[in-house]
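This one's a predicted model, so the numbers in the text were calculated from it and none came from an experiment. All ligand and atom numbering here is 1-based and tracks the order in the structure. In what follows, residues are counted from 1 in the order of the sequence shown.
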Amino acid sequence: MLQARCHKIRLRQFPDGESLVRVDTADAVDAVVVRSLDNPDAKLVPTLLAADALRRAGVRNITLVAPYLPYMRQDKVFATGQPISQRVIGDILGRYFDRVVTVEAHLHRIRELAEVVPSRLKSQSLSAAPAIANWLRARDAECIIVGPDRESRPWVEAIAKASGYDYIVGDKKRRGDRAVSVELGDVPNHRRALIVDDIASSGVTLAAAARALRARGVRTIEAVVVHAIFAPGALSIIRGAGIRKLFSCDTIAHRTNAISVAPIIAEALR
Ligand code: R5P
């Protein structure tokens, strides 16, 4: 798509667990590091080391493409004594990279990624809504689109408008990592529902939304998420709640990947 040269960053681990990276820049002036940052605590350090290695090798513009950007959900002090992790991680990435490009970062309390990633060039979170809407249109299976919480409204609405389907949004309450309830209003005349969410981690949000749909008489429930984190046990929780089919964007490699975000990333880099 971009006709760019591609080099692998070599990575090795010392016996004590520290990482060592080695880059081959071939005298490039611009470089794009592509690294999805699921499993973040293991991947962040080598990613920062790669940026430093590129800079020292003479690269002037270094962009990080992290299709999944972690720590964005920890966006306020939820309980006394906690950090605002979103700011910490955004700040570090903004110091080492000239620009960060990601997909559907969890930015519920701020308008744009640049507010937490103070990079030299403007960092961007790209919407996955057009890619999901295209996939839905091609699939051509009549359904109602369901967002599990109020925060999801703007992009659920964008997907619904672009694909031509109706949508509803639930009222979600989280009482703990794995304790979530979702309340839904009427589900007008629909037998098939598609839950859409930005992230599936423990799976309890999708499961709670599916239970609420079943209580409203919906028989066929499917789900699509952008970031397929799926922590251990998540898939059985999701299936156990009656979700028949599960799809995801390919921001994190997973067997549910059905929607490619490569075109929207390539377009942003062009
Ligand atoms: C929360 O606001 C997000 O949009 C997701 O609904 C949430 O992160 C999903 O996490 P889990 O699968 O653990 O419920």
Side-chain angles (χ1 to χ4, degrees), residues 36-41 66-79 82 84-87 89-90 102-113 116 125-129 131-132 145-160 167-184 193-214 221-249 251-252 254-257 259 261:
S36 199
L37 295 173
D38 53 307
N39 193 6
D41 291 9
Y68 171 65
L69 191 62
Y71 280 106
M72 295 296 110
R73 287 177 293 175
Q74 295 185 44
D75 55 0
K76 69 170 194 171
V77 175
F78 289 94
Q82 293 178 348
I84 304 182
S85 309
Q86 182 192 60
R87 303 247 160 203
I89 299 304
T102 188
V103 178
E104 213 67 64
H106 191 90
L107 306 178
H108 286 180
R109 263 173 263 273
I110 54 174
R111 277 178 305 115
E112 49 183 16
L113 188 65
V116 287
S125 170
L126 309 171
S127 174
I132 295 175
I145 297 173
V146 181
D149 49 30
R150 291 193 195 130
E151 289 83 5
S152 68
R153 179 178 290 277
W155 80 282
V156 167
E157 193 175 52
I159 294 168
Y167 76 97
I168 53 167
V169 168
D171 184 14
K172 166 171 146 183
K173 295 210 167 50
R174 184 181 283 279
R175 287 176 302 279
D177 288 352
R178 288 168 196 273
V180 161
S181 61
V182 171
E183 278 178 31
L184 289 175
L194 180 77
I195 307 167
V196 297
D197 206 356
D198 56 348
I199 300 174
S201 175
S202 67
V204 297
T205 298
L206 292 183
R211 282 194 298 272
L213 284 165
R214 276 169 50 204
I221 305 169
E222 301 174 327
V224 59
V225 298
V226 180
H227 306 299
I229 296 178
F230 297 127
L235 290 174
S236 56
I237 289 172
I238 292 166
R239 303 254 183 252
I243 294 179
R244 287 202 193 164
K245 283 189 186 158
L246 191 53
F247 308 95
S248 64
C249 296
T251 58
I252 297 173
H254 192 267
R255 64 175 190 268
T256 55
N257 289 170
I259 304 162
V261 294

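If you look at H106 next to ligand 1, the close heavy atoms, those under 4.0 Å, all belong to the side chain.
The closest side-chain donor-acceptor pair between H106 and D198 falls under 3.5 angstrom. In this structure, a donor-acceptor pair under 3.5 Å is present between the side chains of D41 and Y71.
Residue P148 places every heavy atom at 4.0 Å or more from ligand 1. At least one heavy atom of R73 sits closer than 4.0 Å to an atom of ligand 1.
In the candidate list D197, I229, T205, V225, D197 is nearest to atom 5 (C) of ligand 1, counting heavy atoms.
At a 3.5 angstrom cut-off on N or O pairs, G203 counts as close to ligand 1. Taking only nitrogen or oxygen atoms, main chain and side chain alike, S201 reaches within less than 3.5 Å of ligand 1.
Protein heavy atom at the shortest distance from atom 10 (O) of ligand 1 is R174 NH2, 3.4 Å. Looking at atom 9 (C) of ligand 1, its nearest protein heavy atom turns out to be I199 O, 3.3 Å. Among all protein heavy atoms, the one lying closest to atom 13 (O) of ligand 1 is S202 OG, 2.6 Å.
Annotation for ligand 1: atoms under 4.0 Å from non-hydrogen atoms of D149 are 2 (O). Here is the list of ligand 1 atoms found below 4.0 Å of a heavy atom in A200: 12 (O). If you number the atoms of ligand 1 from 1 as listed, the ones under 4.0 Å from a heavy atom of K172 come out as 1 (C), 2 (O), 5 (C), 6 (O), 7 (C). Heavy-atom contacts of D198 reach the following atoms of ligand 1: 3 (C), 4 (O), 5 (C) (cutoff under 4.0 Å). Here is the list of ligand 1 atoms found below 4.0 Å of a heavy atom in V204: 12 (O), 14 (O).
A donor-acceptor pair under 3.5 Å is formed between the side chain of T251 and the backbone N or O of V226.
Shown here is E183, whose CD atom has no more than 12 heavy atoms of other residues, nucleotides or ligands within 6.0 Å. Atom CZ of R255 has 12 or fewer heavy atoms from other residues, nucleotides or ligands within 6.0 Å.
Within the 4.5 Å cutoff, the side chain of I238 has heavy atoms near those of the F230 side chain.
Between S36 and I252, the closest heavy-atom pair is OG-CG1, 3.9 Å. Scanning all heavy atoms of the two residues, the minimum distance from L184 to A212 falls at CD1-CB, 3.7 Å.
The residue from K173, K172, R174 that alone fulfils the salt bridge (charged side-chain N to carboxylate O under 4.0 Å, His left out) condition with D149 is K172.
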